[in-house]
Amino acid sequence: MAEKNMSRWECPCGYIYDPAEGDAENNILIGTSFQDLPDDWTCPKCGAEKEFFEELDD
């Protein structure tokens with residue numbers, strides 16, 4: 001079984017999506033990788049679409 005990419009991703013506005021925290025406001029469970037977010041998910045801070053996020057090197 002392939003290991004899920006649990007990287008954090010940063011929005012241009014500075015919001016960081018962290019799979020360890022999920023996104024409770026949008027019913028995204030803890031442990032949901034960025035790739036597994038719904039296609040219509042947007043930044044809860046500014047509304048940017050997923051395509052504008054950049055993967056962080058931890």
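The figures that follow rest on heavy atoms only: side chains count, while hydrogens, waters and symmetry mates do not.
- The CZ atom of R8 lies 5.5 Å from the CG atom of L56; values are rounded to the nearest 0.5 Å.
- P19 has its side chain out of reach of T32: every pair of non-hydrogen atoms, C-beta onward, lies at least 4.5 Å apart.
- Within the model, atoms CG of L37 and NZ of K50 stand 5.0 Å from one another, a figure rounded to the nearest 0.5 Å.
- For the residue pair E55 / S7, a side-chain donor-acceptor distance below 3.5 Å is found, with atom types taken as modelled.
- Under the 4.5 Å side-chain criterion, counting only non-hydrogen atoms from C-beta, N26 is in contact with P44.
- Ring pair Y15/W41 is tilted by interplanar angle, where 30° to 60° counts as tilted.
- Interatomic distance, I16 CD1 to K45 NZ, rounded to the nearest 0.5 Å: 9.0 Å.
- Here the two rings, on Y17 and F53, have centers that are 6.0 Å apart or farther.
- A search for side chain to side chain contact (heavy atoms under 4.5 Å, CB included) contacts involving Q35 returns N5, W9, S33, not counting sequence neighbours.
- Atom CD1 of I28 and atom CG of D36 lie 10.0 Å apart (nearest 0.5 Å).
- Annotation: the span from D18 atom CG to D23 atom CG amounts to 11.5 Å, rounded to 0.5 Å.
- Looking only at side-chain heavy atoms (C-beta outward), C43 and F52 stay at 4.5 Å or farther from each other.
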